[in-house]
Amino acid sequence: MRMAAWIAWLLVLAVPGHARAGTVATVASPDGRITVSLALDGDGRPSYRVKHDGRALLGDSRLGFIFANGRQLLRRLRLESASESHHDITWEQPWGERRLVRDQHNELRVRLTEDAPDPRRVDLVFRVFDDGVGFRYELPAQPHLTEARIVQELTGFALARPATAWWIPALEWNREEYLYRRTALTEVGIAQTPLTLRTDDGLHLSIHEAALVDYAGMNLMHAGSGDLRAALTPAADGAPVVRATPFATPWRTITISPRAGGLVESSLILNLNEPNAIGDVSWFTPAKYVGVWWSLHLDTESWATGPKHGATTENTKRYIDFAAANGFRGVLVEGWNPGWDGDWFANGWGFDFTRTTPDFDLDALARYAAGKGVHLVGHHETGCAVSHYERQMDAAFALYARHGVDVVKTGYVCDAGQIERQDETGVPVRREWHEGQWMSNHHLRVVQAAARQRIALNPHEPIKDTGLRRTWPNWVSREGARGMEYNAWANPPNPPEHEPTLVFTRMLAGPMDYTPGVLSLTGRNGQEIPGTLARQLALYVALYSPIQMVADLPQHYAQHAEAFEFIREVAVDWDESRVLAGEVGEYVAIARKQRDAFDWFLGAINDRSARTLALKLDFLESGVRYRARVYRDDKRAGWRGPERFRFVREEKIVTRDDVMTLRLAAGGGAAVRFSREPE
């Protein structure tokens, strides 16, 4: 179906029914502030409503399916049964933004049955937390529905209050790599999730999904009067989702908080995923890494072989030496394997993931790195020839495992809708979307193959994060947004409000490999990177990932030794994380406690308006004095020109009773390390 016709057809389906719905079941959050009601109207059409503090937040929001292989499952439904249960457990992350996660929710399970000679059944499961709602459909095995070919899921989110939205477009050529738009909810087109909203009376929401397994990714489209409706990512041919019963859809999630920071602190997405399926993952070490990457975007070195080739034995040894000298665990090398010469963007079928280029000695480099306590970080760019990659990935991961490579960055560079799928050798190639059902299954095949070799994954141009890192904790990070490389060559580069927006939008899905730390603040051909030196440091705390790149060239760190000190010291794995202050797209200050240590780190980043933050330090331990090493903007700093480099490092003694005043320059930031003073 052509895209314009598909969108028009979705809009027809979005027209709401006219019969008033009556409540048949209700469930509340443990604290009673959020209630969810399930209703059936006079035609037997289901919908749900959400209230917060007794006020309507979502009005009648539609539920149901359009099938290609049967009648719609959306009317003539009756309540067969309903049951409620309470859950309250605490589980531990092997790595993460917090060690312990509490999962406390009330669950409502409802079975609906069609009033028909050949009735079909659907279960609706709602889990209501103190900070939001998750719900999904479960289609049991049944004689009249053995296979579901889902043309469209009719899930709606009917906002009952005017709201502002922060969103990026879906089903466009550049995947997730867009600057976020801030518009009225009524101006949202087709948007990717997470989509962040702030109602006119100040309540914050994020609509997303959890546990995206064997299903098409959900987008959101505005359907009039503040209604948002699910729009599933298309497939190469046929229905977006094809599943045999029994199966469950991903969870549809609504995170709710009176303050923006509450969205960031929520663990709702993780709690809706299944527990660890791997077992022991102590072999993965959260860490920082350097490598042959920024020079490629500066165009001073190349992925392709030749005089500018970056992935040479000699050049890689230089990065290994730099990593060892500064306590960094990893060295990433891109362009080490055959396939990069020529137009690889148009022909990923030329990549070989089991051989090296003649000027890259993997055996020697693995031994050299091991001798210095450093690990190589692998790289598999598919060029979107995904079936070609799958045929090699087991051998490719085994090769890496033999050489001590335990983290691999994968890549899927191509225009959206151009993933190349070939189920058997010799058959025609079909085109898929990055977030379609087939790619959902592909990413799980890759993460499982990597787990068998004790390898962690960091996909770029990925499928969206939906919390599956809980189930597969070797899925440690991913890109999935406009990252640092846009500051090297894009017009425009990332503006100052971009990262304070990411914290409250993309980062709500999970860790992001943003590749911070470019202290030169200069891209290709002298292009200025908007923002200050202190801001680059603060990104290590503000934008969470258990693997963080030290992205700049080694010689640039030598030129900024005082700022580089913070990058060397900042942790990447945390016991606890707290948002101290922040507003979507404007500013944010986050404090995180280092895992298995007493130190806290703070990162604050700002949009293009200078401001001063007064931050309570009550997260620090009581009765303990801390030495605060502050890396901040000079009073003359700014986000353009030479003022970007104006920077101050200072120390002071503080306790949890203090309030720290931080002045953030326009486009600026601040980074702080709090270390316990000896008694």
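All heavy atoms count here, side chains included; hydrogens, waters and symmetry mates do not. These figures come from a predicted structure and were not determined experimentally.
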Sidechain N-carboxylate O distance under 4.0 Å for Arg120, Glu114: yes

Criterion side-chain hydrogen bond (donor to acceptor under 3.5 Å, both in side chains) against Tyr412, the qualifying member of His434, His442, His460, Arg175: His442

Ring-face cation contact, Trp167 with Arg181, 6.0 Å cut, 45° max: yes

Between Arg592 and Ser577: side-chain donor-acceptor atoms closer than 3.5 Å: yes

Pair Arg595 + Asp575, salt bridge at N-O below 4.0 Å: yes

Qualifying residue, where the test is salt bridge (charged side-chain N to carboxylate O under 4.0 Å, His left out) with Glu583 and the options are Arg182, Arg259, Arg198: Arg198

Step-by-step side chain to side chain contact (heavy atoms under 4.5 Å, CB included) determination, Glu176 to Glu479: CA-CA 9 Å; Glu176 302 96 343; Glu479 186 193 38; over 6 Å; no

CD/Glu621: more than 12 non-hydrogen atoms of other groups inside 6.0 Å: yes

Cation-pi geometry met for Arg445 and Trp472 (6.0 Å, 45°): no

CZ/Arg454: more than 12 non-hydrogen atoms of other groups inside 6.0 Å: no

Whether His105 and Phe129 hold their rings parallel, tilted or perpendicular, with breakpoints at 30° and 60°: tilted

Geometric cation-pi criterion Arg676 and Phe598, 6.0 Å radius, 45° cone: yes

Parallel, tilted or perpendicular: ring planes of Phe284 versus Trp95, cut at 30 and 60 degrees: perpendicular

Under 3.5 Å side-chain donor-acceptor pair for Tyr514 and Glu499: yes

Shortest non-hydrogen contact from Gly467 toward Leu270: O-CD2, 3.9 Å

Whether Phe601 and Trp574 hold their rings parallel, tilted or perpendicular, with breakpoints at 30° and 60°: perpendicular

